[in-house]
There are 2 protein chains.
Amino acid sequence: MPPVTIRDVAKRLKLSITTVSRALDGYDDVAAKTRQRVVRAARTMGYVPSRAARQLRRQRADVIGYILPASGPHFTDPFFSEFIAGLGDAATSHNFDLLVSTAAPDSAAEKQIYARWVQSRLVDGIVVSRMRLRDWRARYLVKNKFPFVAHGHTLLTLKFPYIEIDSRAGFELLVQHLVARGHRRIGYIGAPANLTLQADRFAGYQNGLSAAGIAFDATLCAEGDLTRAGGYQAALQLLDLPTPPTALIGANDLTAAGAMRAARERGLTVGRDIAIAGYDGTDDSEHTQPPLTTLKQPVYDIAQRLVEMLVARIAGDALAAAQTVLQPVLIVRESTGGPSG
Amino acid sequence: MPPVTIRDVAKRLKLSITTVSRALDGYDDVAAKTRQRVVRAARTMGYVPSRAARQLRRQRADVIGYILPASGPHFTDPFFSEFIAGLGDAATSHNFDLLVSTAAPDSAAEKQIYARWVQSRLVDGIVVSRMRLRDWRARYLVKNKFPFVAHGHTLLTLKFPYIEIDSRAGFELLVQHLVARGHRRIGYIGAPANLTLQADRFAGYQNGLSAAGIAFDATLCAEGDLTRAGGYQAALQLLDLPTPPTALIGANDLTAAGAMRAARERGLTVGRDIAIAGYDGTDDSEHTQPPLTTLKQPVYDIAQRLVEMLVARIAGDALAAAQTVLQPVLIVRESTGGPSG
DNA sequence: CCTTTTTTCCAAAACGTTTTGGGGAGCGCG
DNA sequence: CGCGCTCCCCAAAACGTTTTGGAAAAAAGG
């Protein structure tokens, strides 16, 4: 049985298509009684407007897009679960749908998806996350005047709305916390250098050191890839130094989790023999062994607010606060000695 | 600047719309030379077909839908990260897009989303996961003859294609493993009773016990909710029994992770004083402390295969293996004493 | 009772494709 | 030369909405 169209409803009611459409859309040039008839008939007949037709006519899709920076089997960063949940919930509550795709950062596939989405007007706005310092996505979207919002900024001189966590200040705080616990040799496991978050967090780390009067030592820094495996490898490297660090900061919680594992393998008890801290503060960090000291960013809220900003931008509203910067909050747990430590 | 349409391309080339369309779609009734001209012009002009128009005309969207069983901030089950990555990658490689929404199981919102998606032909197929014993979603989709595939079966007498892991056999195996390690008091932390996976895994647990000649003891069973917090609470309850279990099986890894935490809080060393095992086997399980014994299901592969089945079904192909049952593989790690234990 | 205004409805045009059902031109063949 | 074939191409219809620009009917005003 073919889906019921607006024409069917009109025919049944002996009304014009126009009237049915306008009745359903709540225009005031249709008699109250008629509207009621229409609404009732539409419901009992199970009429739902065709998305494609509506979309074609109105030139908008009521869909926002998000591309997961992942390709391949092993992808379990809780950050993104929570981020997607936030996007999804917010989208639904604004009567938008969420289109999700996956692509490895800077891959050909990624470019292709953006081109397709933008050109074919499949989505009418995009949320982009994990920004790169010179982010072609931002450049591309700005150039095409395509509505988008970002989680984080870039180095480019482009104007676009974003929400950002001041992770630089956060990492300063983290270093300060470790220094207060008596640490002087504090290692850092970063992310790929082209990521904004790496630039910020690394700068925060360095600032923190110099604020405490500790000389920066490049040998205490290693590059991870924001995964557990990357953190593990990098941590091993640092722990095997002649004079290993007594504290380790990971660019995110996953990195820190990998580092904890490496520490254990080297016979160290995390929280006593070595301090380890991360960044993100999703639920998982609370459940590591020992619980992880971390900087918490409100991932779900951010996702929600991003959607709200995007929806407003699609509607053409001027954005009140186009660039928002939030402060992360330091959560001290046992992996650095515990709250009272 | 308005997007370039097929009409623009046709006008520029002084060809008909028809010819341009057919040239691009690779019909063989257009001269090779003409096709070349068209293809080139389309590319240089940056022409991409309008999704809405194509969709309206062809009566299909090339979109598949998936609804995440979550609503609210705390949602970080790695199972779903990996599942979504699999869906996304597979969809992309079949030239489909993936529409994602979130809704709490059996909520009004969930019903509404299904109705909308199905009626408005927004998606032309749906992947449904975490099946319920009497799943209204399966019923609804079958009734509306809407293409879908499932991860797991139901109790209903409905025919639909699915992939399933024989978790019943898996749990038998798990019990057997624990018995071999000398355990007699084996606890079980389950999931809500309306879930198929709970029925299966619980049955497997019971079978395992009876195969080993151990009497089933209901006091050793508690209900979790597949989250870490749920596992934690349930485990506390079991550990505080007069004669607590010496081994604990969680319905999934998250449950087991929560149980591990509870055990530690009671001063037990996991893997020595108590054995704990889970189910899912995503990467996370390898990185708990101690690493978790688990039954591994190939989540990413399953997601990919589901998409393939769905795409085939949308295309109208008869499905070769409509119901697939895979065996989970037991991965023994230190949480139950280690491989050589 | 005629005019003006308001209320309620509608026909037709778009939106950008794909597909149907030809049709003209060139060629080979008798 | 005329016929049929093949090769390319195209006009027009259709997909299901929303929106524009009235028009008929009813109400109000004189």
Side-chain angles (χ1 to χ4, degrees), chain A residues 1-39 41-42 45-63 95 116-122 124, chain B residues 1-39 41-42 45-63 95 116-124 315:
Chain A
M1 103 211 111
V4 21
T5 79
I6 198 176
R7 182 169 277 109
D8 300 328
V9 179
K11 200 160 291 175
R12 164 93 94 95
L13 259 39
K14 291 193 196 310
L15 283 174
S16 76
I17 291 178
T18 310
T19 304
V20 174
S21 174
R22 300 186 72 94
L24 259 21
D25 277 9
Y27 281 69
D28 60 355
D29 67 347
V30 26
K33 212 174 50 184
T34 314
R35 157 167 302 117
Q36 219 176 48
R37 283 206 306 144
V38 171
V39 169
M45 299 177 68
Y47 166 70
V48 179
S50 147
R51 277 297 270 249
R54 161 183 294 226
Q55 187 172 332
L56 176 59
R57 172 63 223 213
R58 305 208 323 203
Q59 296 292 67
R60 52 175 290 191
D62 288 348
V63 171
N95 282 319
R116 240 167 28 90
W117 280 9
V118 170
Q119 303 281 342
S120 75
R121 288 127 289 163
L122 177 54
D124 24 41
Chain B
M1 101 212 113
V4 21
T5 80
I6 198 176
R7 183 170 275 109
D8 300 329
V9 179
K11 200 161 291 175
R12 164 93 95 92
L13 260 38
K14 293 193 197 308
L15 282 174
S16 77
I17 291 179
T18 310
T19 304
V20 174
S21 175
R22 300 186 72 93
L24 291 174
D25 277 8
Y27 281 68
D28 60 354
D29 67 347
V30 26
K33 213 172 50 184
T34 314
R35 157 167 303 119
Q36 218 176 48
R37 285 205 307 143
V38 171
V39 170
M45 298 176 68
Y47 167 70
V48 180
S50 147
R51 276 298 270 249
R54 159 183 295 224
Q55 186 172 333
L56 176 58
R57 172 60 224 216
R58 306 210 329 212
Q59 295 293 69
R60 52 177 288 190
D62 287 348
V63 172
N95 282 319
R116 239 166 30 89
W117 281 8
V118 169
Q119 303 280 344
S120 75
R121 289 127 287 163
L122 177 55
V123 301
D124 22 42

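In the text below, chain A, chain B and the rest are named by the order of the sequence lines, each starting its count at 1.
- Rounded to whole angstrom, the span from the CD1 atom of B:Ile6 across to the P atom of C:dG16 amounts to 12 Å.
- Computed from coordinates, the A:Arg60 CZ to D:dT19 P distance equals 11 Å when rounded to whole Å.
- Using a 4.0 Å heavy-atom criterion, one finds that B:Leu15 contacts the sugar-phosphate atoms exclusively.
- Atom P of nucleotide D:dA11 and atom NZ of B:Lys11 are separated by 12 Å, given to the nearest angstrom.
- Residue A:Tyr27 places none of its side-chain N or O atoms closer than 4.0 Å to OP1 or OP2 of C:dC9.
- With values rounded to the nearest 0.5 angstrom, B:Arg60 atom CZ is found 15.0 Å from B:Arg121 atom CZ.
- For A:Thr19 and C:dC10, the shortest distance from a side-chain N or O to OP1 or OP2 is below 4.0 Å.
- Distance B:Asp29 CG to C:dG22 P: 16 Å, rounded to the nearest Å.
- Straight-line distance from the CG atom of B:Asp25 to the P atom of C:dG16: 18 Å, rounded to whole Å.
- Residues A:Pro49 and A:Arg54 approach most closely at CG-NH2, 3.6 Å, considering heavy atoms.
- For the helix from C:dC1-D:dG30 to C:dG30-D:dC1, the terminal axes (five pairs an end, C1' atoms, rotation from four pairs onto the next four) enclose an angle of 60°, given to 10 degrees.
- Two residues, B:Asp28 and A:Arg7, neighbour DNA chain D, and the one matched to the more 5' nucleotide by heavy-atom proximity is B:Asp28.
- Contact annotation: B:Thr34 side-chain N/O to D:dC9 OP1/OP2 distance is under 4.0 Å.
- B:Ser16 contributes no side-chain N or O that forms a donor-acceptor pair with the base of D:dA11 under 3.5 Å.
- The separation between A:Leu24 atom CG and D:dT18 atom C1' is 12 Å, rounded to whole Å.
- Among the atoms of the strands shown, only primed sugar atoms or phosphate atoms (P, OP1, OP2) are found under 4.0 Å from some heavy atom of A:Thr5.
- Residue B:Gln59 places no side-chain N or O under 4.0 Å from the OP1 or OP2 atom of D:dA14.
- A straight line from CZ of A:Arg22 to C1' of C:dT7 spans 13 Å, rounded to a whole angstrom.
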Please set out all donor-acceptor pairs under 3.5 angstrom arising from side-chain atoms of residues 5-15 of chain B, sequence neighbours excluded.
unit_1, atom_1, unit_2, atom_2, d
B:Thr5, OG1, B:Arg7, N, 3.0
B:Thr5, OG1, B:Asp8, N, 3.4
B:Asp8, OD2, B:Thr5, N, 2.9

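- Protein atom NZ of A:Lys14 is 16 Å distant from nucleotide atom C1' of C:dC9, rounded to whole Å.
- DNA chain C lies under 4.0 Å from at least one heavy atom of each of the following residues of residues 46-58 of chain A: A:Leu56, A:Arg57.
- For the atom pair CG of B:Asp28 and CZ of B:Arg22, the computed distance is 8.5 Å after rounding to the nearest 0.5 Å.
- Taking CD from A:Gln55 and CZ from A:Arg58, the interatomic distance works out to 9.5 Å, rounded to the nearest 0.5 Å.
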